[in-house]
There are 2 protein chains.
Amino acid sequence: MPGELFHPEIENVTLAQVLAALDDPMRLRIVKVLVHDPDTGERTCTSFRLPVGKSTLTHHFRILREAGLIRQVDRGNSRKAQLRREDIDRRFPGLLALVLAEGTAPETDPAD
Amino acid sequence: MPGELFHPEIENVTLAQVLAALDDPMRLRIVKVLVHDPDTGERTCTSFRLPVGKSTLTHHFRILREAGLIRQVDRGNSRKAQLRREDIDRRFPGLLALVLAEGTAPETDPAD
DNA sequence: CTCATGGTAAGGGCTGGATCGTACCTCCCT
DNA sequence: AGGGAGGTACGATCCAGCCCTTACCATGAG
């Protein structure tokens, strides 16, 4: 698992960037799952059971990460994703509430 | 100026729709202007001084209207746009605050 | 009436970005 | 050591959506 991952300072993230990141069914779905997750859930990419190939997943998770929405940490074998809740609430107060209010959490496999 | 314009009930607007509408520099800019506008400003499309052709303007304003973000009313010669402030605040509380917090209002011609 | 202004409708060009397939890497397990 | 699982990188394809041009329609002013 090569080099360190780029995580932007939340202050440097623009609203436009976040809107672009959320303007995609897959990515909105990912964030919905994370925001509904009771514990500060670290989840593998594949646990979301998204109907796309592996490389497409990598693509989406990178965009979410570069938009400051998620953190990705290497946990030995796999790479876990985690919502940057506090950061987002500070930089974009009310944003997560909007996502939370919209519908319920899509199906996933919380085991991973 | 043909037929009546379609304005969706705010309850039927989805978050995805709004995110899609705001995920465009032109449209985000339009909403920024409107949200900064002190009076409940009715403004003509051209008053925004956007660097695109007329038909492109029509395109963007339609998308904003169909996303429930603006209201468009015929005022004789021209067609004025207005932010649906109360509706948006009810359906997506906090959304306009996010736009408001992001930067200042772009240049326009408030006269129109 | 005539014309300028503000706007819409339809059609086409172009590009960004979502997707996939393949190849490759790394860690864990046996 | 060897294999499988989870991820990344790169290249190619494809399509939605932005933008423009052209043609057209109202309205209001002169």
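The figures here come from the full heavy-atom set of this structure, side chains too, leaving out hydrogens, waters and symmetry mates. Keep in mind that what you see is a predicted model, and the values were worked out from it rather than measured.
- Protein atom CZ of Arg43(A) is 16 Å distant from nucleotide atom C1' of dG6(D), rounded to whole Å.
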**Request:** Starting from the C-alpha separation in whole Å, work towards a yes-or-no answer on salt bridge (Lys or Arg N to Asp or Glu O under 4.0 Å) for Asp74(A) and Lys80(A).
**Result:** CA-CA 6 Å; Asp74(A) 286 354; Lys80(A) 305 266 188 159; over 6 Å; no
Please report, to 0.1 Å, the donor-acceptor pairs under 3.5 Å made by any side chain of residues 59-70 of chain A, with sequence neighbours excluded.
unit_1   : atom_1 : unit_2   : atom_2 : d
His60(A) : ND1    : Arg27(A) : NH1    : 3.0
Arg65(A) : NE     : Gln72(A) : OE1    : 2.6
Arg65(A) : NH1    : Phe6(A)  : O      : 3.0

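- Counting to the nearest Å, the P atom of dA18(C) and the CZ atom of Arg29(A) are 16 Å from each other.
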**Asked** Given Lys32(A) and Glu102(A), is the salt bridge (Lys or Arg N to Asp or Glu O under 4.0 Å) satisfied, shown in steps?
**Response** CA-CA 8 Å; Lys32(A) 262 186 196 172; Glu102(A) 189 81 357; 5.7 Å; no
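- Look at CD on Glu42(B): it is 15 Å from C1' on dG6(C), rounded to the nearest Å.
- Taking atom NZ of Lys80(B) as the reference point, atom P of dT5(C) lies 16 Å away to the nearest angstrom.
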**Fill in**
B/S/- along nucleotides 14-19 of chain D (protein heavy atoms under 4.0 Å) is ----SB
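- Rounded to an integer number of Å, the gap from CG of Leu57(B) to P of dT21(D) is 13 Å.
- Under a cutoff of 6.0 Å and an axis angle of 45°, Arg29(A) and Phe48(A) do not form a cation-pi pair.
- Closest to the side chain of Lys54(A), from the set dG6(D), dA9(C), dG7(C), is dG6(D).
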**Message:** What verdict does the salt bridge (Lys or Arg N to Asp or Glu O under 4.0 Å) test give for Glu11(A) and Arg91(A), after you've listed the backbone C-alpha separation in whole Å, the side-chain angles of each residue and the deciding distance to 0.1 Å?
**Reply:** CA-CA 7 Å; Glu11(A) 286 76 19; Arg91(A) 175 71 178 83; over 6 Å; no
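- The nearest whole Å value for the distance from the CG atom in Asn77(B) to the C1' atom in dG7(C) is 9 Å.
- Regarding contacts with the backbone of dA5(D), every side-chain N or O of Ser78(A) stays at 4.0 angstrom or more from both OP1 and OP2.
- In this structure, the nucleotide among dG7(C), dG7(D), dC28(C) sitting nearest to the side chain of Thr46(B) is dG7(C).
- Distance from the side chain of Arg62(A) is smallest to dA9(D) among dG7(C), dG6(D), dA9(D).
- In this structure, the side-chain contact (heavy atoms from CB on, under 4.5 Å) partners of Val52(B), at least two apart in sequence or on a different chain, are Met26(B), Leu50(B), Thr56(B), Leu57(B).
- Hydrophobic clustering (ILVMFWY, side-chain heavy atoms < 4.5 Å, transitive): Ile10(B) and Val73(B) are in distinct clusters.
- As a whole-Å value, the separation of Arg75(B) CZ from dG6(C) P is 17 Å.
- The CG-C1' distance, from Asp74(A) to dA5(D), rounds to 15 Å in whole Å.
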